[in-house]
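One structure below.
Remember, it's a predicted structure, so these values are computed and weren't measured experimentally. Counting convention: from 1, in listed order, for ligands and their atoms alike.
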Amino acid sequence: MPTAQQTAGRPKLLVFSTGGTIAMQAGEEGIKPRDRAGIAGLPSNLNAVFEEIVFSNLPSPHMTLENWLKLAAAIDASLKSPEVAGAVVLHGTDLLPECALTLKLCLSAEKPVVVTGSMHAQGEAGYDGLRNLENAAAICLALPGCKNVFACMGDEIFSARTVFKQNSVAPASMSAHDGLLGRVVNKE
Ligand code: ASP
């Protein structure tokens, strides 16, 4: 837990964990949800303070419209705090686009929200969860006061309106009908 001195003046980012591969752990018995839900670690190399909120621990095909509407309400309520600069949503990738679109249509906060996930669980070769979380956080920090929702996977940024899952194995698993909005390079 950072001290008051360490957090002073640094923007706060909320990390809403909903489940999916990014909340899973590879071990001797295969890939399983972690006992303690949520992300395995929070970025330490960005100028921000993170607060994790474990919203659920569900694979994305088990998420429903009701879950997403509750998530939108929880995000909107927490983004009201002036010290909060934005939110990252960690989600299973199968229905990540549906979550992103619902948030785009429902959120009213004038702050950025980025939805991400991972194609590999913690402990698997190529674990991409922390990198994707860092990238999503970097997008929030780069767009203060931006009322919009983005999806980010494999360093690629997409509009929440048009993103779809196009690949079930590649780290860059998303695409969009109107193409790529941008890329995160070295946390920029
Ligand atoms: N089946 C998982 C889900 O969508 C896959 C993933 O997270 O990538 O929850």
Please give the N or O to N or O pairs under 3.5 Å between ligand 1 and the protein, distances rounded to 0.1 Å.
from	atom 1	to	atom 2	distance (Å)
ligand 1	1 (N)	Asp94	OD2	3.1
ligand 1	4 (O)	Ser60	OG	2.5
ligand 1	4 (O)	Thr93	N	3.2
ligand 1	4 (O)	Asp94	N	2.9
ligand 1	4 (O)	Asp94	OD2	3.4
ligand 1	7 (O)	Thr21	N	2.9
ligand 1	7 (O)	Thr21	OG1	3.0
ligand 1	7 (O)	Thr93	N	3.1
ligand 1	8 (O)	Thr21	OG1	3.3
ligand 1	8 (O)	Thr93	N	3.4
ligand 1	8 (O)	Thr93	OG1	2.5
ligand 1	8 (O)	Ser118	O	3.4
ligand 1	9 (O)	Ser60	N	2.7
ligand 1	9 (O)	Ser60	OG	3.4

Between CD on residue Glu98 and NZ on residue Lys165, distance to nearest 0.5 Å: 10.5 Å
Candidate pair Ser108 and Asp76, rule side chain to side chain donor-acceptor pair (under 3.5 Å), full reasoning: CA-CA 7 Å; Ser108 58; Asp76 250 343; 3.2 Å; yes
Donor-acceptor pair between Thr162 and Asp178 side chains, under 3.5 angstrom: yes
Side-chain (Asn186) to main-chain (Glu188) donor-acceptor, under 3.5 angstrom: no
Flag, side chain of Ser56 to backbone of Thr18, donor-acceptor distance under 3.5 Å: yes
Neighbour count above 12 (heavy atom, 6.0 Å) for Glu83 CD: yes
